[in-house]
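Sequential numbering from 1 along the given sequence is applied to the chain's residues. If you're wondering where the values come from, they're calculated on a predicted model, not measured in any experiment.
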Amino acid sequence: MNLETLFSVASLMAMAGWLILLASPWMPIWSNRIGGFVIPALLSVGYLLLLLLSQGSEDGGFGSLAGVVALFGQPQAVLAGWVHFLAFDLFIGAWQCRVARADGIAFVWVIPCLALTFLLGPLGLLAFLGLRVVLAKQGPIAA
């Protein structure tokens with residue numbers, strides 16, 4: 001399988017996970033299992049395989065910005081980085097859904113956080129953490 005195909009498969013898997021998370025109010029158990037465990041685990045296995053099969057770069061590493069640039073100078077390394085983002089962002093999105101349910105946060109407030117997590121990873125996490133702080137001080141906000 002070529003890298004473009006792997007990119008498409010990983011991206012479609014992640015998209016399926018995000019769609020399942022959006023349906024989590026109606027199917028929380030399956031959302032947790034599929035969007036929060038199975039798909040991130042499969043993406044993580046794909047990531048591991050990409051790392052094991054990569055040839056690496058002699059100049060690349062994590063000790064400097066130049067080393068990271070050299071490390072990601074190969075398409076397989078970029079794909080591994082992409083799959084890393086897909087797996088972790090989806091896992092964080094599923095965590096947000098679980099915590100919101102446990103905290104009694106209306107799903108309508110979680111949707112923007114999920115969108116930010118999907119698009120901008122850490123900013124979605126920051127928004128969700130901020131939402132929890134605000135709601136903890138004010139009490140639950142009805143939808």
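- Gly17 approaches Leu90 most closely through the heavy-atom pair C-CD1, 3.6 Å.
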Evaluate side chain to side chain donor-acceptor pair (under 3.5 Å) for Ser24 paired with Trp30, printing each intermediate quantity in order. CA-CA 8 Å; Ser24 68; Trp30 288 106; over 6 Å; no
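- Formation of a donor-acceptor pair under 3.5 Å by the Asp103 side chain with backbone atoms of Ile105 is not found in this model.
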Given side-chain contact (heavy atoms from CB on, under 4.5 Å), test Val68 with Phe72 step by step and report yes or no. CA-CA 6 Å; Val68 172; Phe72 285 103; 3.6 Å; yes
Applying side-chain contact (heavy atoms from CB on, under 4.5 Å) to Trp18 and Asp89, what does each step give before you reach the verdict? CA-CA 10 Å; Trp18 283 102; Asp89 288 355; 4.1 Å; yes
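- Following chains of ILVMFWY side-chain contacts shorter than 4.5 Å, one cannot reach Phe88 starting from Leu120, and the two form parts of different hydrophobic clusters.
- Side-chain contact between Arg132 and Trp109: absent, with no pair of heavy atoms (C-beta onward) separated by less than 4.5 Å.
- Residues Phe107 and Leu21 come closest through the heavy atom pair CZ-O, 3.6 Å.
- What you find for Leu131 and Cys113 is that their closest heavy atoms are CD2-SG, 4.1 Å.
- The two residues Leu3 and Pro75 make their nearest non-hydrogen contact at CD1-CB, 3.8 Å.
- One N or O on the side chain of Ser44 and one on the backbone of Pro40 form a donor-acceptor pair closer than 3.5 Å.
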Take Phe91 and Gln96, measure what side-chain contact (heavy atoms from CB on, under 4.5 Å) needs, and give me the verdict at the end. CA-CA 9 Å; Phe91 187 82; Gln96 291 170 348; over 6 Å; no
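- Scanning both residues, Leu53 and Gln76, for their nearest heavy atoms gives C-NE2, 3.5 Å.
- Each of Leu49, Leu43, Leu6 was checked for a side-chain contact (heavy atoms from CB on, under 4.5 Å) with Val83, and the lone residue meeting it is Leu43.
- Nearest heavy atom pair, residue Ala14 against residue Leu86, reads CB-CD2, 3.8 Å.
- Under the 4.5 Å side-chain contact rule for hydrophobic residues, Leu71 and Val69 do not share a cluster.
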Hey, mind stepping through Trp95 and Phe128 against side-chain contact (heavy atoms from CB on, under 4.5 Å) and telling me if it holds? CA-CA 10 Å; Trp95 173 81; Phe128 183 73; 3.6 Å; yes
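- Under a hydrophobic clustering in which Ile, Leu, Val, Met, Phe, Trp and Tyr are joined whenever their side-chain heavy atoms come within less than 4.5 Å, directly or via other members, Val38 and Leu48 fall into different clusters.
- Residues Val99 and Leu126 do not share a hydrophobic cluster, defined by chaining ILVMFWY side chains whose heavy atoms lie under 4.5 Å apart.
- Donor-acceptor pairing under 3.5 Å is lacking for the side chains of Trp26 and Ser31.
- Between the CE atom in Met13 and the CG atom in Leu42 there is a gap of 4.0 Å [rounded to 0.5 Å].
- There is no path of hydrophobic side-chain contacts, each under 4.5 Å, that joins Trp82 to Val45.
- Met27 CE to Asn32 CG: the interatomic distance, rounded to the nearest 0.5 Å, is 10.0 Å.
- Other residues, nucleotides and ligands contribute over 12 non-hydrogen atoms within 6.0 Å of the CG atom of Leu119.
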